[in-house]
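A short write-up of the structure that comes next.
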Amino acid sequence: MSTTYTLGHEDSEVRRLLLQGRVYRADTRHALLMAGLKPGMRVLDVGSGPGDVSFLAAELVGPTGSVQGVDAADIVHLARSRAAEQRWTNVTFTQSALDELVLEEPVDAVIGRLILMHLPDPVAALRQLAGLVRPGGIIAFAENDIATVRSYPEIPSFRTVTDAVARSFESLGLDISFGPKLGTLFQEAGLGIPRMAVGAPMGGADDIDLLTYAVEIWRLVYPIAEGLGLTGGDVPTPDEMLPVLQREIAAARASIMMPPQITAWVRVR
Ligand SMILES: C[S@@+](CC[C@H](N)C(=O)[O-])C[C@H]1O[C@@H](n2cnc3c(N)ncnc32)[C@H](O)[C@@H]1O
């Protein structure tokens, strides 16, 4: 199976994806509603990972609709067991690389979150995926903008770690400003000018999910940051980071903003 996903599915990455599901739940749900997901639709969620976007879509399409999640990695097993645990009856998961995916009939919508940025040719992927949607159906993708993560007021340890995370992602060949490019990519794929929305999780010292999410991203890339010489000195290790962040954010009465999520969608002609 062909995949260029560089972040792996070690325990820390799965933990991060599950937290990400919670932290971005409201923004993703809002974007899918704006994109036009409705009861009764048949939806394909590509790069479904542990299944959070599929479950949100399943809620919106209801029992008369259905969602098929697709992922190249065996994280589909985790998605399937979560679906059983949460008693979803309208969601299935298939293990397949996107470029090997065959559907029996076109769907009403193809959706995906944080998948295009991992593909070698996102424009070709958009073209291929639009071909799986019935005329008048929806294609909707969400990607983030790591470059605009910030705190107000500036928290030095958060800034240092955020910059190290950005440089680590870049060293993996990932584009840290991918989200804002969605409009261009849709047009290059011949899909026309998309509608777009942006939402970012933001909070203060008592938002443990948000702060833990920041820590888990740091844990994920820490070995890479070490290799780049971006750790040591005053830079907190992942195990030290949560109390440091909580203390500094509380003392400054600050708020942190994690990567804004940008969603673009069009009706397929
Ligand atoms: C960052 S995760 C996002 C998971 C999920 N969409 C979410 O938002 O929680 C990206 C997922 O895309 C999958 N993936 C990457 N390249 C793929 C490909 N070519 N075909 C299918 N899945 C792929 C990875 O295995 C991974 O589970």
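Remember, it's a predicted structure, so these values are computed and weren't measured experimentally.
Evaluation of the side-chain hydrogen bond (donor to acceptor under 3.5 Å, both in side chains) rule for R219 yields E216, D239 as partners, not counting sequence neighbours. When the salt bridge (Lys or Arg N to Asp or Glu O under 4.0 Å) test is applied to D175, the partners found at least two apart in sequence or on another chain are K181. Partners of F93 under the ring pair (Phe, Tyr, Trp, His ring centres under 6.0 Å) rule, at least two apart in sequence or in another chain, are F55. Not counting sequence neighbours, the partners of R82 by the side-chain hydrogen bond (donor to acceptor under 3.5 Å, both in side chains) test are D52.
Between N90 and G65, the closest heavy-atom pair is CB-O, 3.4 Å. The minimum heavy-atom distance between A264 and L182, with the atom names listed, is CB-CB, 3.9 Å. Contact between A252 and I155 at its shortest, heavy atoms only, is CB-CD1, 3.8 Å. Taking every heavy atom of both residues into account, S168 and V221 meet most closely at CB-CB, 3.8 Å. The two residues V235 and L230 have their closest heavy-atom pair at CG2-O, 3.9 Å. The shortest heavy-atom contact between M257 and A200 is CG-CB, 3.7 Å.
For the side chain to side chain donor-acceptor pair (under 3.5 Å) condition, the pairs that include at least one residue of residues 102-112, sequence neighbours left out, are D108-R134. Listed by first then second residue, pairs satisfying ring-ring contact (aromatic ring centres under 6.0 Å, His included) with a partner in residues 216-235 read W218-Y222, not counting sequence neighbours.
Criterion: ILVMFWY side-chain heavy atoms under 4.5 Å apart, direct or through other members. Under it, L132 and I111 are not part of a common hydrophobic cluster. Linking Ile, Leu, Val, Met, Phe, Trp and Tyr residues whenever their side-chain heavy atoms come within less than 4.5 Å leaves V76 and V110 in two separate clusters.
Checked by atom type and distance alone, the side chain of D45 never pairs as donor or acceptor with a backbone atom of G69 at under 3.5 Å. A distance-only check finds a donor-acceptor pair linking the side chain of T237 to the backbone of E240 [under 3.5 Å]. Counting only distance, with no hydrogens or angles, the side chain of Q95 and the backbone of A72 share a donor-acceptor pair below 3.5 Å. Judged by distance alone, the side chain of E143 and the main-chain N or O of L116 form a donor-acceptor pair under 3.5 Å. Formation of a donor-acceptor pair under 3.5 Å by the R42 side chain with backbone atoms of P106 is found in this model.
Atom CD1 of I193 has 12 or fewer heavy atoms from other residues, nucleotides or ligands within 6.0 Å. Summarising the local packing, CZ of R195 is surrounded by 12 or fewer heavy atoms from other residues, nucleotides or ligands at distances under 6.0 Å. Dense packing is recorded around NE2 of H77, with more than 12 heavy atoms of other residues, nucleotides or ligands lying under 6.0 Å away.
Annotation: side chain of I224 is in contact with side chain of S171 (closest heavy-atom distance under 4.5 Å). Between Q261 and V198 the shortest side-chain heavy-atom distance does not fall below 4.5 Å. Taking 4.5 Å as the limit, some side-chain heavy atom of L119 sits within range of a side-chain heavy atom of I115. In this structure, the side chains of F141 and V46 come closer than 4.5 Å at one or more pairs of heavy atoms. With a 4.5 Å cut-off on side-chain heavy atoms, L129 and I139 count as touching. Two residues are said to be in side-chain contact when any heavy atoms from C-beta on lie closer than 4.5 Å; R267 and V133 fail this criterion.
Between the side chains of R159 and S151, no donor-acceptor pair of N or O atoms lies under 3.5 Å. Between the side chains of D209 and T212, no donor-acceptor pair of N or O atoms lies under 3.5 Å. Using modelled atom types, one finds a donor on one side chain and an acceptor on the other under 3.5 Å when comparing S157 with E248.
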